[in-house]
Trainee: 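Just passing along the structure, written as structure tokens.
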Amino acid sequence: MKTIPQNWLLLVVSLPTDSATARMRIWRALKNLGCGALRDGAYLLPDRAAQQQQLSELAAETLREGGSAWLLTVQAQSKSDNEAYCSLFDRSAEMTQFVEALTRMRRTLDGLAPADINRALRKLRREYDALCATDYFPSQASALTQAAWMDFVHVAEALLSPGEPEATNAQIVLLDAAAFQGRLWATRRHLWVDRVASAWLIQRFIDPQAHFIWLDKPADCPPDALGFDFDQASFTHVGDRVTFEVLLASFGLGHDTGLLRLGAMVHTLDVGGTFVPEASGFEAMLSGARQRAKDDDQLLQEISLVLDALYQHFSSEPQAPALPA
């Protein structure tokens, strides 16, 4: 685990011995935050704004329960002390256990009903999100766990949403967006990462007057529609590029930093790839929105706001390399 010199937050709490309920509640809250325990009643976290707010609230609750609480900002006195503090937050063992659980569950997926697959996805996603929430110093184990999680989700989604496209070796031709205005676009229903991001990209950057239809199966695609993200579609996986990245290259959008960064996130979630910190958060929001939305039109509308915000965030990042031709 990489050691990062920094300040730390130290919460020292003490509760009356007759406050068993409050003691348990506060202890559970500290555990959920992933605090490092220096000793009984002394808890450590990295000095970050969110964690400071959380510990401040716990300190206030302790005082309301008749206990005492001190929240301090402290600094390690040596490199070895700092390394010792960081080691309190090593999540490698928990991540190994989580990957093992994914492996066991993956062996059974083929035999599960769709409702059971969705149930397993929800349970494992909660566990993964909780693990990531306390992974204050991401390491190689973090990247490997994210890769395993993305792979598991990809397999589960393939079972829930058959028809995922096979990559072709076709050449990507540069197109003029002016010839693609007000068109009918079609993809498979029950939108997931690549499809919903591609629909957003089409609507925001290629064809603002686009009309979308969501297909029960690719064979239902009307002859006048531009299909995307299924076999034999006008735009689909090419080589190691997912549909979103193919659309970027096809319409000359490969020099937009924000779109490139979004493309990397979509790629990671759809087929695996390099570690993208924002990927798991977007996946969780998409999963929640898909459970809540009454149809794919509403889902696209809601997730478009998320993608707008991510695009703005990624556009402020340092310049990324241009997409290859």
Trainee: Would you find more than 12 non-hydrogen atoms of other residues, nucleotides or ligands less than 6.0 Å from Q291 atom CD?
Mentor: yes
Trainee: Check residues 28-47 and write down every donor-acceptor pair under 3.5 Å in which the side-chain atom is one partner and the other belongs to a residue at least two apart or another chain.
Mentor:
from	atom 1	to	atom 2	distance (Å)
N32	ND2	R28	O	3.3

Trainee: Looking only at heavy atoms, which two atoms of P16 and G66 are closest? And how far apart?
Mentor: CG-O, 3.6 Å
Trainee: Hey, is the main chain of V242 close enough, under 3.5 Å, to the side chain of E245 for a donor-acceptor pair?
Mentor: yes
Trainee: Is there a donor-acceptor contact under 3.5 Å from the side chain of R290 to the main chain of L191?
Mentor: yes
Trainee: Give every residue pair that meets the salt bridge (Lys or Arg N to Asp or Glu O under 4.0 Å) criterion with at least one member in residues 209-229, sequence neighbours excluded.
Mentor: R188-D229, R189-D216, R195-D229, K217-D220
Trainee: Do F244 and L201 touch side chain to side chain, with heavy atoms closer than 4.5 Å?
Mentor: yes
Trainee: Short question: side chain of D176, backbone of A179 - any donor-acceptor pair under 3.5 Å?
Mentor: no
Trainee: Under 6.0 Å between ring centres, would you say that holds for F205 and Y311?
Mentor: yes
Trainee: Is a donor on one side and an acceptor on the other found under 3.5 Å between the side chain of D207 and the backbone of I202?
Mentor: no
Trainee: I'd like to know if the side chain of R48 reaches the main chain of Y136, judged simply by a donor and an acceptor atom lying under 3.5 Å from each other, with no hydrogens or angles considered.
Mentor: yes
Trainee: Taking C-beta and beyond as the side chain, do L307 and L262 meet within less than 4.5 Å on heavy atoms?
Mentor: yes
Trainee: What is the minimum heavy-atom distance between T236 and A233, and which atoms define it?
Mentor: CG2-O, 4.2 Å
Trainee: Around atom CD of Q181, are there more than 12 heavy atoms of other residues, nucleotides or ligands at under 6.0 Å?
Mentor: yes
Trainee: Considering only NZ, NE, NH1 and NH2 on the basic side and carboxylate oxygens on the acidic side, decide whether R126 and D129 come within less than 4.0 Å.
Mentor: no
Trainee: Before giving the answer on side-chain contact (heavy atoms from CB on, under 4.5 Å), spell out for L215 and T187 the whole-Å C-alpha distance, their side-chain angles and the decisive distance to 0.1 Å.
Mentor: CA-CA 6 Å; L215 309 170; T187 192; 6.0 Å; no
Trainee: I would like to know whether E166 and H237 meet side-chain hydrogen bond (donor to acceptor under 3.5 Å, both in side chains); could you show each step before the answer?
Mentor: CA-CA 7 Å; E166 295 289 334; H237 293 205; over 6 Å; no
Trainee: Tell me, yes or no, whether the heavy-atom count around E57 atom CD, taken from other residues, nucleotides or ligands under 6.0 Å, exceeds 12.
Mentor: yes
Trainee: Any side-chain to backbone donor/acceptor pair from D194 onto D270? Under 3.5 Å, distance only.
Mentor: no
Trainee: Inspect the surroundings of CE in M285 and state if more than 12 heavy atoms from other residues, nucleotides or ligands are less than 6.0 Å away.
Mentor: yes
Trainee: When you compare the side chains of D295 and W214, does any donor N or O come within less than 3.5 Å of an acceptor on the partner?
Mentor: no
Trainee: Below 30° counts as parallel, above 60° as perpendicular, anything between as tilted: where do the rings of F228 and W185 land?
Mentor: perpendicular
Trainee: Look at the rings of F89 and W8 and say which category their plane angle falls in: under 30° parallel, 30 to 60° tilted, over 60° perpendicular.
Mentor: parallel
Trainee: Donor-acceptor pair, distance only, cut-off 3.5 Å: does the side chain of R91 make one with the backbone of L131?
Mentor: no
Trainee: When you measure from the side chain of S287 to the backbone N and O of E283, does any donor-acceptor pair fall under 3.5 Å?
Mentor: no
Trainee: Taking the six-membered ring for Trp, are Y128 and F152 closer than 6.0 Å centroid to centroid?
Mentor: no
Trainee: Ignoring hydrogens and angles, tell me if any N or O in the side chain of E278 forms a donor-acceptor pair with the backbone of V276 under 3.5 Å.
Mentor: no
Trainee: Without swapping roles, check the side chain of D296 against the backbone of L299 for a donor-acceptor pair under 3.5 Å.
Mentor: no
Trainee: Assess whether a salt bridge exists between R23 and E65, defined as any Lys/Arg side-chain N lying under 4.0 Å from an Asp/Glu carboxylate O.
Mentor: no
